[in-house]
Structure formats: structure tokens, C-alpha cells
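Comments concern the structure below.
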There are 2 protein chains.
Amino acid sequence: MILMLTGYPMDKMQEVEAFFRTGHLQYIPHLSVDCVIFGFHEGELKVLLLKWKHLERWSLPGGPIRRDQSVDETAHVVLKDRTGLDDIFLQQFYAFGSMDRKESVLLELFDRLNVSNHEANWLSERTVSIGYYALVDFSKVNPVPDFFSEACSWWDVCDRPSLLFDHDAMVERALQTLQQQLYYQPIGLNLLPDKFTMPELQQLYEAVLGRKLDRRNFQKKIQKMGIVERLKERRTGGAHRSPYLYRFDVPRYEQALAEGLAYGF
Amino acid sequence: MILMLTGYPMDKMQEVEAFFRTGHLQYIPHLSVDCVIFGFHEGELKVLLLKWKHLERWSLPGGPIRRDQSVDETAHVVLKDRTGLDDIFLQQFYAFGSMDRKESVLLELFDRLNVSNHEANWLSERTVSIGYYALVDFSKVNPVPDFFSEACSWWDVCDRPSLLFDHDAMVERALQTLQQQLYYQPIGLNLLPDKFTMPELQQLYEAVLGRKLDRRNFQKKIQKMGIVERLKERRTGGAHRSPYLYRFDVPRYEQALAEGLAYGF
DNA sequence: TATTATTGTGTACATCATACACAATGAGGC
DNA sequence: GCCTCATTGTGTATGATGTACACAATAATA
């Protein structure tokens, strides 16, 4: 097999060729993970997508499962390899295994790369994919596309391109799971700066839930959770009345994560 | 390969031999489903287990995933083949993929069956298993063990034998998922007879949740759900005051299933 | 007929969800 | 310096819900 592409370093090309030709020795065929990475920026909920070279289409970051790695480990490695994101708290949410997830677009890609169907046929059948999601701090990560991708970028969850495979359904299901989780788990730590205002925290909740919340009731509910403490400082520089700054009470936050909240949103 | 067992019909033996020898052509190696089937009987929550021949150990009913079947379909087929249970509403709850789920007991079984490791090695590596659970009417099913099992029987969830593989963890996780589901979904239809009493329904909830509930508050909550109607009849023959009979209002029940309950237990 | 365990029922209290209005603030424009 | 204006901070009233709790009715049994 010779990859008929130019402009790539030779060692990378050899690595990619080996992946197509002998990947079935290292990876379990028909099994993969896909990651739905949510980010929060300027009041909007974002999702991290990869744009495939030669296909001009977008998908979630995903990849096959190595024979010597647990599925959880694989999810972290795949995310790191395909987007550069490291040390992310990933949560499994569903295994997608219907028969119509034949990844026929991959055949098109193989064709563009001059990979024969036969050589890469360990990749061309129906694949069962295990979905993971995460909620990350938009400003603290630096997405980098991998060899197969020409872009790795954030899209508004509600205004994203149509995705390859069944990845649209994966995003919907991940979002639904995240919203349900909001009912009994706190969020915000690792997503907001150390010090944040109540309106900022509320924006985060509104972005995830996709609906507006009442300012006063939101504040009461958060205070009752007992996971934040108000500081003496206020955030200045805004055009209006300065809001107070808050900080997460990390021990209480961790406790609420572990034990669950009595009631949520 | 010759299976050195006596007392089995020849065609069955050939089928089993073919499964070990050429199963990898029909099934996806390293991928399986396991089913946690809960039943309700005499106020106790039960789980359906298989006892392996030659191993004298118990496990959940499970099996490999066919290349031409969706994972959901496979779960139904596996359950039917291994326990005889048909037409059961199965729900996926988690994919188990840690590296320590090498099914080394299977090697022991192969040894007893005189299957060489080499011939069945498509079955002997780490397997990723997708867990499904169901809640079935104890009295309406008739469990039948398959070729590999010498028994298929109900065990009290809280008093069951230690299981093979990581199946103990699977039962715990399935139960936890079922309990969480109770907060926003009704249960009981297909589990109780057409006509049932309020104490019977309460026993079902108590068995699943593993705790006692207040009689009066339970009744109020169920009535507010609007999924049952009280009949004029009472159940006679008991040693004490006759309880009223109830019936599920099926359209409302289905609606609550689809839309979710506002609040639950 | 007395016993006994079980069933049916209603009320009081605390908690929670929700709706809602007005005063304080801080930048920018005049 | 003053006005404007969007934003933040705060409290209360009402209805719904969760929870705790006691006593009368009943149906078989002895």
C-alpha cells in the first residue's frame, strides 16, 4: 500500500500506513469510542468537532479501542491523540450498536488516501461505539487537529454542522445525559475561574439546560446547596452595579459530587 | 477438535463444537452482552442467574454479539437462547471494559470440555461487555437453562451467590440504575397481575428501593401520578380487612413512561 | 364473640418551587 | 455634576410537596 498524498512527513505517512494495514493487531476491530466534549464560553454551550481532511465533513473525536487498554483509558488516549486535550474527566453515557452505523464515509476517505478496501477492511464494517462526554473549561484547553483532520474547533451546540455517522444522535444523547445529571450533581468547578459571579454561574446552568432561570430563585438554590462562599470582593469594570465574587467550597463541592444533591434543577 | 462429553445429542455437540471453532466468523470477538433480569416475587426482588456446568459457579446470562445483529437485538437473542425468556423489555445501562475482565474461568471450562485454548482463543481475551437490565413478571416466565448451564434460577438480589467475572458489579450497577429510574418512571405494568392491591404495589416499590415507605404517603403519591384507577371490588380471602383492587390506566401509564413523572420516590 | 393483624383515611408542619417588585450601583453620555 | 440605563442585590407571599403521625373499620381465626 502506498499513500498517494504529498506534503506530509515520511515518518507520519509510515505510521498511518501501518495503522491501516496492521491496526487490527493492536486494536479491537468493530469497537470504538467517541467523545462529546462540551465547553462553555460567553454564555453559550459549545461542542468540540473535528473536520476530516478530504471529506469536508465534521465528526466527533473518536477512535478504535486498543487491545491492551481499558475502554476508559482508550477514551482518554483517543481524546488526547485526536484533539490534544489532556487530563479531562470523561464520563461514559451510552454504547451505540445499531446495524446502520456502517461507516461508509470511511471508504470514501480510504479511496482518497489510496488505501484499498481490502487492506483496511478491519475498519470498514459495522462498529459498536461507546460514547463518553465531558464538560471542560473552554479557556484552559487548546484543541489541535490530528493527522486525519484539518480543523479541531468549537461549535455552538445549537448551531453546528450536520455530523458524520450517527454523531448527531450522540451529541443529543450526551446533552440529555448532562442535563439529567444536573439534577443531582453540582457543576462549575473546573469550568469557571477560581472567582466568579453569581450571574456567571447562572449563565452556565442556563446554557446547559437550554432555558432561562429566575435570578433570585437560582441564588437561593445555590446557597442552599452550600457549595459556594461569597467573598468581600466585587467584580469591577462592568458597566453596571458590581456583582459579588464567589468561590467554590471545594470540600463541600466534592462531597455533593459524591453523595448527590437532594434536589436540583 | 472433539468434545469429550457424553450424554448430549450429537447434533447439539456439533453445534457447540462449531461455536468454539468458527464462532469468530459469526460473532464479533471481544464484545458481548450480559443481562441482569430482575423479578418480583412475594415481596422480594430476585435476579435470574445461570449455573455453569462443570464449574459449579453462577453468572448472568450473556453471550457474544453477532456480526449481523444490532447490540439491542443481540441482547434479546442472547437472553432467549440462554434462559428461554422471550419478548422482554431490555434497557442498556453500562458498557464494562476494564482490563481485568479477562474471563479466565472460561479457560477452565474449555479445559473440561477438551477445547484447546488455541481453537477457542477468540473467546479467551479481554471482553468488553454491554450490560442490559429488565424487570419481568416472575410468574409469567419460565426460565430454561441452555447447553452450557445446569440451572437457570431466581436468587434473592440481597442473598445471591458470588458471581463469575465482574457480574457482581454489574448487578449492583443495574440495581442502582433501576432505582434512579424509579424517580421519573412508573413501574408495575407487566409486573403485577391485571388487578392488584395498593399494598402489593407498595411492596414492589419497597423491594426495588430496598427501604420501607409510609403507607399513606405512598398511596397519595401514586394517586397523584394518575396512573391507576380503583375498582369497586376488593380482594377477599385474606385474614384481615379486604383491600381494594386497582388497575393501571394504560394510556396514562404509557404517557407517564414517555414523558416522565414530575417527581418520584 | 373476642382477638389480631391489616387496611383505609385525614391533618398538621416543615420544606420547597415559583412568581414577583423595588432599591442600589456604576459606567457612559450629556 | 447629573441623568440614563442596564444590571445586580434582596424578601415575601402563595401554592405544592414531603413527611410524620393516630384511629376506626374489617375479615378471618380461635
Side-chain angles (χ1 to χ4, degrees), chain A residues 42-43 179-180 182-184 186 188 192-193 195-207 209 211-247 256 260-265, chain B residues 42-43 179-180 182-186 192-193 195-207 209-247 256 259-265:
Chain A
E42 290 176 354
Q179 287 171 350
Q180 282 174 6
L182 217 57
Y183 279 81
Y184 52 91
L192 294 172
K195 298 173 183 177
F196 54 89
T197 67
M198 196 54 73
E200 282 166 355
L201 183 61
Q202 184 175 343
Q203 271 196 331
L204 171 61
Y205 274 79
E206 288 177 341
L209 288 171
R211 61 188 169 90
K212 289 285 171 195
L213 300 170
D214 181 274
R215 218 155 37 91
R216 291 153 288 189
N217 298 334
F218 177 81
Q219 179 147 200
K220 269 186 291 188
K221 214 176 251 182
I222 294 291
Q223 277 170 347
K224 214 161 24 192
M225 287 181 191
I227 57 170
V228 297
E229 57 173 334
R230 188 159 93 173
L231 307 176
K232 293 260 190 300
E233 306 170 68
R234 291 161 168 259
R235 163 149 308 158
T236 56
H240 311 291
R241 179 171 182 174
S242 310
Y244 281 103
L245 287 170
Y246 289 79
R247 189 162 52 190
L261 297 162
Y263 287 101
F265 289 86
Chain B
E42 290 177 354
Q179 286 170 351
Q180 282 173 7
L182 217 56
Y183 279 82
Y184 51 92
Q185 300 235 304
L192 295 171
K195 298 173 183 178
F196 54 89
T197 67
M198 196 54 74
E200 282 166 357
L201 184 61
Q202 184 175 342
Q203 271 195 331
L204 170 63
Y205 274 80
E206 288 177 341
L209 289 171
R211 62 187 168 90
K212 290 283 170 197
L213 301 171
D214 181 273
R215 218 156 35 91
R216 291 153 289 192
N217 297 333
F218 178 81
Q219 179 148 200
K220 268 187 293 188
K221 214 176 253 185
I222 293 291
Q223 277 170 347
K224 212 159 29 190
M225 286 182 191
I227 56 171
V228 296
E229 57 173 334
R230 188 160 92 174
L231 308 176
K232 293 258 189 301
E233 305 171 69
R234 290 160 168 261
R235 164 150 307 159
T236 55
H240 311 291
R241 178 171 182 172
S242 309
Y244 281 102
L245 286 170
Y246 289 80
R247 189 162 55 189
E259 298 175 8
L261 297 160
Y263 287 100
F265 289 86

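Just so we're on the same page: letters track the sequence lines, and every chain starts at 1. Just so it is clear, the values below take in all heavy atoms, side chains as well, and ignore hydrogens, waters and symmetry mates.
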Q) With distance as the sole test, does B/Glu206 use its side chain to make a donor-acceptor pair with the main-chain N or O of B/Leu213 at under 3.5 Å? A)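 Yes; judged by distance alone, with no hydrogens or angles, the pair exists.
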Just how far, in rounded Å, is [atom2] of [N] from [atom1] of [X]?
X        : N      : atom1 : atom2 : value
B/Phe218 : D/dA20 : CZ    : P     : 16 Å
B/Glu200 : C/dT6  : CD    : C1'   : 13 Å
A/Leu209 : C/dA17 : CG    : P     : 14 Å
B/Leu213 : D/dC21 : CG    : P     : 16 Å
B/Lys212 : C/dT6  : NZ    : P     : 10 Å
B/Gln223 : D/dT17 : CD    : C1'   : 15 Å
B/Ile222 : D/dG18 : CD1   : C1'   : 15 Å
B/Arg216 : D/dA24 : CZ    : C1'   : 13 Å

What nucleotide among [options] has an atom nearest to a side-chain atom of [X]?
X        : options               : value
B/Gln219 : D/dA20, D/dA25, C/dT9 : C/dT9
A/Arg230 : C/dA17, D/dT10, D/dT8 : D/dT10
B/His240 : D/dT8, C/dA5, C/dG8   : C/dA5
B/Lys221 : D/dT8, D/dC21, D/dG18 : D/dG18
B/Arg241 : C/dT9, D/dC21, C/dT6  : C/dT6
A/Arg215 : D/dT8, C/dC20, D/dA27 : D/dT8

Q | CZ on A/Arg235 to CG on A/Leu245, rounded to 0.5 Å | A | 5.5 Å
Q) Can a side chain N or O of A/Ser242 be found less than 4.0 Å away from OP1 or OP2 on C/dT25? A) no
Q | Nearest-nucleotide 5' precedence on DNA chain C, B/Asn217 against B/Thr197 | A |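 So the residue in question is B/Thr197.
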Q: Select from B/Asp214 and B/Pro199 the residue whose nearest nucleotide in DNA chain C is closer to the 5' end of that strand.
A: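 By nearest-heavy-atom nucleotide position, the 5'-most residue is B/Pro199.
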Q) Just wondering, do B/Met198 and B/Tyr244 contact through their side chains at under 4.5 Å, heavy atoms? A)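 Side-chain contact under 4.5 Å: no.
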Q.
Less than 4.5 Å apart, side chain to side chain, heavy atoms only: is that true for B/Gln219 and B/Gln202?
A.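 Contact flag for B/Gln219/B/Gln202 side chains = no.
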Q) Do the side chain of B/Arg235 and the base of D/dA27 come within less than 3.5 angstrom through a donor-acceptor pair of N or O atoms? A)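 When only heavy-atom distances are counted, B/Arg235 does not reach the base of D/dA27 through any donor-acceptor pair under 3.5 Å.
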(Q) Is the ring pair A/Phe218/A/Tyr205 parallel, tilted or perpendicular, if the boundaries are 30 and 60 degrees? (A)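 Judged by the thresholds at 30° and 60°, the geometry between A/Phe218 and A/Tyr205 is perpendicular.
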Q | Pairwise 5' ranking along DNA chain D for A/Lys220 and A/Pro243, keeping only the more 5' one | A | A/Pro243
